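Whatever order the structure lists them in is the order used to number ligands and atoms, beginning at 1. Predicted model, so just to flag it, every value in this text is computed and none were measured.
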Amino acid sequence: MPQLQRLAVTAPQICDRQIALTREQQHYLNRVLRLQAGDRFIAMDGRGHWWLAVLEARETGLFASIAEEIAVDRELPVEVTLMAALPKGNGFDEVVRQATELGVASIVPVTSDRTLLKPSEQKVERWRRIAAEAAEQSERQFVPTILEPISFDVAVKDCNQKYRFICVARGENRHLWDCLADLAPPQSPLIRGEQDGGELSIVIAIGPEGGWTEGEVKRAIEFDFEAVSLGSRILRAVTAPIVALSLVGAALEKC
Ligand code: SAH
């Protein structure tokens with residue numbers, strides 16, 4: 001496939017293999033990207049579908065018709081949730097962007113004993129926009145879900161992922177890499193959930209700048225989290241998610 005421009009659309013815009021483009025999308029395709037009737041682009045719905053679309057000029061404006069669905073496979077073979085305590089300032093913007101590039105399926109921002117500030121609704125909207133942009137940029141089929149911030153204790157109790165890890169900066173814990181290697185030996189049927197009814201899901205919890213309190217780690221362990229290490233150095237709260245997700249990709253993704 002030659003390098004075609006990509007456009008994020010929503011499912012309700014598509015009907016009978018036609019895409020009803022919004023005014024902004026028409027402007028973007030025509031005025032910004034300089035595409036004209038007959039030109040092709042890729043439409044993505046953020047839910048796993050990509051289509052090759054062709055621009056058409058009609059009296060009412062520009063439309064696009066779907067020529068064919070494109071098969072893409074850019075997703076991790078496991079569903080990974082990042083449960084991350086909110087760092088101070090705008091640090092979470094980069095966490096959302098980079099975690100999306102690394103294939104995260106959903107992000108649960110959590111408040112913890114050492115980060116009590118609940119972010120504003122605007123911040124959550126901003127993170128969702130960042131996730132959509134990053135998914136588009138990294139050509140992902142899915143836009144990760146950014147959940148509403150909740151307290152760590154509630155997140156831990158409500159957690160339904162099968163494999164649960166809490167990253168703890170100090171102490172004698174197994175390395176996340178070793179845990180992931182156990183989870184998916186080469187060619188394991190666990191990959192893609194073939195044996196599991198599609199339930200191969202992982203959650204990784206990362207603490208705030210001040211770290212988790214002992215009580216938080218204890219409570220997470222009560223809910224079947226395993227305390228893990230990301231190595232001998234103390235990483236910043238914004239670096240640790242990137243390291244953890246890179247390890248998941250390296251351990252479980254087969255090229
Ligand atoms: N201020 C704390 C460290 C916090 S680092 C201290 O001095 O102990 C922020 C978060 O990143 C931690 O809560 C943990 O989840 C994660 N993290 C950082 N380095 C890590 C490491 N080497 N192993 C596991 N988790 C780590």
Side-chain angles (χ1 to χ4, degrees), residues 76 78-119 123 127 130-131 134 144 146-184 201-252:
L76 286 175
V78 290
E79 201 183 294
V80 189
T81 297
L82 173 67
M83 191 184 280
L86 289 161
K88 292 193 192 91
N90 286 334
F92 211 63
D93 289 7
E94 270 316 289
V95 171
V96 170
R97 190 184 309 283
Q98 294 176 330
T100 302
E101 289 173 37
L102 291 166
V104 79
S106 49
I107 299 179
V108 190
V110 292
T111 52
S112 66
D113 290 349
R114 292 185 176 138
T115 45
L116 292 169
L117 268 186
K118 206 168 167 174
K123 275 222 164 158
W127 296 330
I130 291 174
I146 313 292
L147 283 98
E148 292 293 328
I150 47 171
S151 82
F152 177 65
D153 284 352
V154 172
V156 159
K157 276 193 206 120
D158 287 356
C159 181
N160 55 13
Q161 284 79 14
K162 191 170 166 82
Y163 298 97
R164 306 171 186 186
F165 303 105
I166 178 166
C167 296
V168 180
R170 295 167 199 270
E172 298 292 307
N173 295 308
R174 278 217 303 163
H175 200 291
L176 176 62
W177 175 257
D178 296 327
C179 301
L180 294 169
D182 279 1
L183 192 130
S201 52
I202 299 177
V203 58
I204 301 176
I206 306 281
E209 285 99 339
W212 300 116
T213 58
E214 262 180 46
E216 283 171 328
V217 176
K218 203 165 144 257
R219 290 198 290 282
I221 291 171
E222 276 164 21
F223 283 93
D224 295 330
F225 277 72
E226 177 171 354
V228 291
S229 162
L230 296 174
S232 311
R233 285 152 300 283
I234 308 297
L235 306 171
R236 289 194 308 141
V238 291
T239 309
I242 312 312
V243 172
L245 291 169
S246 304
L247 289 172
V248 172
L252 303 178

Q) What pairs meet the salt bridge (charged side-chain N to carboxylate O under 4.0 Å, His left out) rule with one or both residues in residues 226-238, with sequence neighbours excluded? A) R174-E226

Q: Look only at the side chain of S201 and the backbone of K162, and say whether a donor-acceptor pair between them is shorter than 3.5 Å.
A: yes

Q: Ignoring hydrogens and angles, tell me if any N or O in the side chain of R114 forms a donor-acceptor pair with the backbone of G211 under 3.5 Å.
A: yes

Q | 4.5 Å side-chain heavy-atom contact, V110 and M83 | A | yes

(Q) Please determine whether salt bridge (Lys or Arg N to Asp or Glu O under 4.0 Å) holds for the pair E94 and R97, giving the CA-CA distance in whole Å, both sets of side-chain angles, and the decisive distance to 0.1 Å. (A) CA-CA 5 Å; E94 270 316 289; R97 190 184 309 283; 3.1 Å; yes

Q | Residues S151 and T111: side-chain donor-acceptor under 3.5 angstrom | A | no

Q: Tell me the residues surrounding ligand 1, counting only those with a heavy atom closer than 4.0 angstrom, sorted by chain and number.
A: C167, V168, A169, R170, I206, G207, P208, E209, G210, G211, W212, V228, S229, L230, G231, R233, I234, L235, A237, A240

